[in-house]
Amino acid sequence: MADLYTTKQGDMWDAIALARMGSEMHMARLIEANPEHRETVVFSAGIELVVPKSEKQTETVLPPWK
């Protein structure tokens with residue numbers, strides 16, 4: 001399951017990956033999920049992107065005492 005994100009003027013792939021997926025390192029996965037926008041560098045407002053779930057979003061890490 002993936003989420004949707006609507007861009008704001010000036011959004012860039014790395015910042016979206018950081019904010020929505022937890023790390024800029026997920027930028028490639030974000031681009032792969034949105035191939036129709038792969039050549040976009042700086043987004044205009046109102047573009048809907050698919051944001052795949054990252055491992056960080058799906059796993060729960062509990063402290064050792066739990």
Side-chain angles (χ1 to χ4, degrees):
M1 174 71 58
D3 293 325
L4 293 178
Y5 173 73
T6 303
T7 61
K8 296 184 269 316
Q9 179 67 37
D11 274 346
M12 297 176 72
W13 291 109
D14 58 343
I16 297 168
L18 175 61
R20 302 293 299 193
M21 301 173 75
S23 172
E24 301 96 332
M25 302 299 288
H26 295 295
M27 186 175 86
R29 289 184 57 227
L30 183 60
I31 294 170
E32 287 173 13
N34 299 279
E36 65 278 13
H37 300 291
R38 69 182 173 276
E39 294 189 18
T40 302
V41 177
V42 180
F43 286 95
S44 56
I47 297 173
E48 216 169 64
L49 299 176
V50 174
V51 180
K53 294 281 186 190
S54 68
E55 296 79 36
K56 184 175 181 178
Q57 291 174 317
T58 58
E59 77 177 34
T60 302
V61 178
L62 296 175
W65 59 86
K66 294 260 178 168

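If you read the sequence from its start, that first residue is 1, and numbering goes on from there.
W13 contributes atom CH2, which lies 4.5 Å from atom CG of N34 (distance to the nearest 0.5 angstrom). Interatomic distance, CD1 of I47 versus CG of D11, reported as 9.5 Å (0.5 Å rounding). Separating the CG atom in D14 from the CD1 atom in I31 is a distance of 9.0 Å, to the nearest 0.5 Å. The CD atom of E24 sits 12.0 Å away from the CE atom of M12 when rounded to the nearest 0.5 Å. Within the model, atoms NZ of K53 and CZ of R29 stand 11.0 Å from one another, a figure rounded to the nearest 0.5 Å. Remark: M25 CE to L30 CG distance equals 14.0 Å, nearest 0.5 Å.
In the hydrophobic clustering of this structure, I16 groups with M27; members are Ile, Leu, Val, Met, Phe, Trp, Tyr whose side-chain heavy atoms approach within less than 4.5 Å, directly or through other members. Hydrophobic clustering of Ile, Leu, Val, Met, Phe, Trp and Tyr side chains at less than 4.5 Å, counting indirect connections, unites F43 with Y5.
T7 places a side-chain N or O within donor-acceptor distance of the main-chain N or O of S44, the cut-off being under 3.5 Å.
The shortest non-hydrogen separation linking P52 to A33 is CD-CB, 3.9 Å.
Counting non-hydrogen atoms of other residues, nucleotides and ligands closer than 6.0 Å to CD of E39 gives a total of 12 or fewer.
Contact check for V50 versus L4: side-chain heavy atoms found under the 4.5 Å cut-off.
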